[in-house]
Amino acid sequence: MKLLWTLLFYQFCFVVLSAQEDTNQLDFSLLRQNDKVRIDSSKNLYFQLKEIQFGEKSVLSFGGSHRFQIEGFVNEEFEQEKDQSDYWFLNRSMLHGHVKSSDWFEFFVEVNASLISSKTNLAPVDRDELGVNQAFFDLQLNKNWSARIGRQNFRLGSGRLIDVREGPNVRLSFDMIDLTYINKNTKISTFLGGPVRPKAGIFDNDAVSSDEFISGVYWMQNWSEMFNTDTYMIYKNEEDKTWDSGTADDQRISLGLRYFGDWKGLTYNNEVLYQLGSFGNQSIRAWTISFDVNRKLEFFNNHPGVLGVRTELISGDRDSGDNVLNTFDGLYPRGAYFGRVARFGPSNLFDIHPYVEIEVGEVSLEFDYVAFWRLSTEDGIYGPPLNLAYPDNNDQRFIGHQIGGIISYSPFKNFSLELESNVIFPAGFLKDSGLDDHLVHVVFTSEVKF
């Protein structure tokens, strides 16, 4: 019955989106409060309901999305001796309403139903039967200043440190106050809030608590077409945090600079960051450097594409016996940091990551390779949620190779099909830990927005 309803739902949305492509311009964003919609109200019922005007300067709009996934693993923990091959089904439906009154007031609310079946060991990001993903007021205080209060998906810069966690079934939300200044070339945000902790039931997610919160200032500056910067300071407090060296309260400040733009045909997106603070009775001294450079090219009969390389150095603890913690905290990164296989997170890593992307009409192809090393042989390897996944138990540095590919098809800009697969071949560190069998991961995704 669930499959039947899903098929009927997709058939309805497919017809709606086909009509949209011919007669309307709908620019749907990752964060749906940023949608740009131009509706022709003389068309069918869908278009008449998409935006409803009331009063002289007030508009009520509706929308949503549905994402269906089939995900499977072979040797999920690199051990063929154990039964680790499984697959499961994920459905995420999101509906929102957006009120805009004049130019000074907005209210946005979005609910989500994130369901999963056939998976035995559920993570917190797998299931939320019904929850409030976003619910906030946005007030335009004057020409340059605005304030946002409430629950929201929050993303800074390229999403390397704080992102909406789009890969997993349940997005990351924050209960937050955000004050923003904007002019032609400058945007400065100050914020205070904490992450919402998802639970599997109906409207039972925990609100922000004093156990874990963040605050900060994030300054985005457009200097020229070739050069832009993000400069920021972020404070995070997290009680009972576990690193390889132990468990304690983690209080740290992240000072960072992201610089990005285009130069002589190259697109670059680089970032440097330093962290200081305290972890129990230890001082924090951690850092990361990230480079991403690519170039647009033409492949195979003038099909457009991109050829690029990423690399990161992310510090790990150098000595668990001293009074200094060098393990980098990636804060709230996207769940699929190195592809949706999501085995390694941004702590104690050095990686080299070449990639190529090609567009062939409505089909896009992406291939990549990643080689992973531990930056410090005195620290373990962490998962995407920055949990200690593989403790330090040998002196090997090389972790393994990952090869991946993605093929996606978008007959309409608001409907997509995608197949991704990754294979990880364990090397020195994992093999010496008794994890010596290759891992295979496959995920099929279909998504529609309306």
Side-chain angles (χ1 to χ4, degrees), residues 30 155-167 226-230 232 254 256-275 286-297 299 304-316 328-359 364-376 381-384 386 397-408 418 420-425 427 429 441 443:
L30 175 66
R155 191 173 196 266
L156 291 178
S158 60
R160 187 171 182 270
L161 289 176
I162 301 179
D163 202 3
V164 301
R165 196 174 59 196
E166 176 64 4
M226 296 185 298
F227 186 70
N228 308 276
T229 59
D230 293 352
Y232 53 86
S254 300
L257 170 67
R258 172 182 172 234
Y259 54 102
F260 58 99
D262 296 286
W263 180 74
K264 294 185 177 181
L266 296 175
T267 298
Y268 63 95
N269 181 10
N270 305 327
E271 196 161 359
V272 295
L273 194 158
Y274 185 76
Q275 293 180 335
W287 55 272
T288 183
I289 302 174
S290 173
F291 298 98
D292 184 354
V293 180
N294 65 67
R295 185 181 184 90
K296 293 182 179 179
L297 299 171
F299 300 89
V306 173
L307 180 64
V309 62
R310 303 182 184 101
T311 185
E312 296 175 299
L313 291 91
I314 310 172
S315 69
F328 179 78
D329 185 350
L331 302 186
Y332 303 97
R334 54 188 178 273
Y337 203 84
F338 299 102
R340 287 193 179 138
V341 61
R343 269 296 158 273
F344 310 123
S347 288
N348 191 32
L349 277 183
F350 168 50
D351 64 89
I352 298 177
H353 187 177
Y355 60 93
V356 59
E357 302 171 6
I358 306 171
E359 293 184 13
S364 64
L365 306 169
E366 181 177 346
F367 304 97
D368 66 348
Y369 164 78
V370 194
F372 298 102
W373 292 264
R374 287 195 296 168
L375 195 63
S376 171
I381 295 298
Y382 298 84
L386 302 178
R397 189 179 299 274
F398 191 41
I399 301 169
H401 311 266
Q402 177 177 312
I403 300 174
I406 303 173
I407 179 170
S408 59
E418 183 180 278
E420 177 178 348
S421 181
N422 290 277
V423 182
I424 300 178
F425 300 93
F429 172 73
H441 174 257
V443 58

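Hydrogens, waters and symmetry mates play no part in the numbers below; they use all other heavy atoms, side chains included. Computed from a predicted model, the values in this text were never measured in an experiment.
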Partners of Phe398 by ring-ring contact (aromatic ring centres under 6.0 Å, His included), sequence neighbours excluded? Trp373, His401

For Tyr232, what residues pass the ring-ring contact (aromatic ring centres under 6.0 Å, His included) criterion, not counting sequence neighbours? Tyr218

Just jot down the side-chain contact (heavy atoms from CB on, under 4.5 Å) partners of Thr288, sequence neighbours excluded, or say none. Arg160, Leu273, Ile314, Phe328

Residues which pass side chain to side chain donor-acceptor pair (under 3.5 Å) with Thr229, listed by chain and number, not counting sequence neighbours: Trp223

Asn228: side chain to side chain donor-acceptor pair (under 3.5 Å) partners, not counting sequence neighbours: none

Run the side-chain contact (heavy atoms from CB on, under 4.5 Å) test against Leu30 and tell me which residues pass, sequence neighbours left out. Arg155, Val164, Glu166, Arg171

List in chain and number order the residues that pass salt bridge (Lys or Arg N to Asp or Glu O under 4.0 Å) with Glu420, two or more places apart in sequence or in another chain; answer none if no residue qualifies. none

Can you list everything that forms a ring-ring contact (aromatic ring centres under 6.0 Å, His included) with Tyr382? Sequence neighbours excluded, please. Trp243

Taking salt bridge (Lys or Arg N to Asp or Glu O under 4.0 Å) as the test, write out the residues that go with Glu418, two or more places apart. Arg340

For His353, which residues count as a ring-ring contact (aromatic ring centres under 6.0 Å, His included) partner, sequence neighbours excluded? none

Of all residues at least two apart in sequence or in a different chain, which pass the salt bridge (Lys or Arg N to Asp or Glu O under 4.0 Å) check with Asp368? none

Under the salt bridge (Lys or Arg N to Asp or Glu O under 4.0 Å) test, which residues partner Asp351, sequence neighbours left out? none

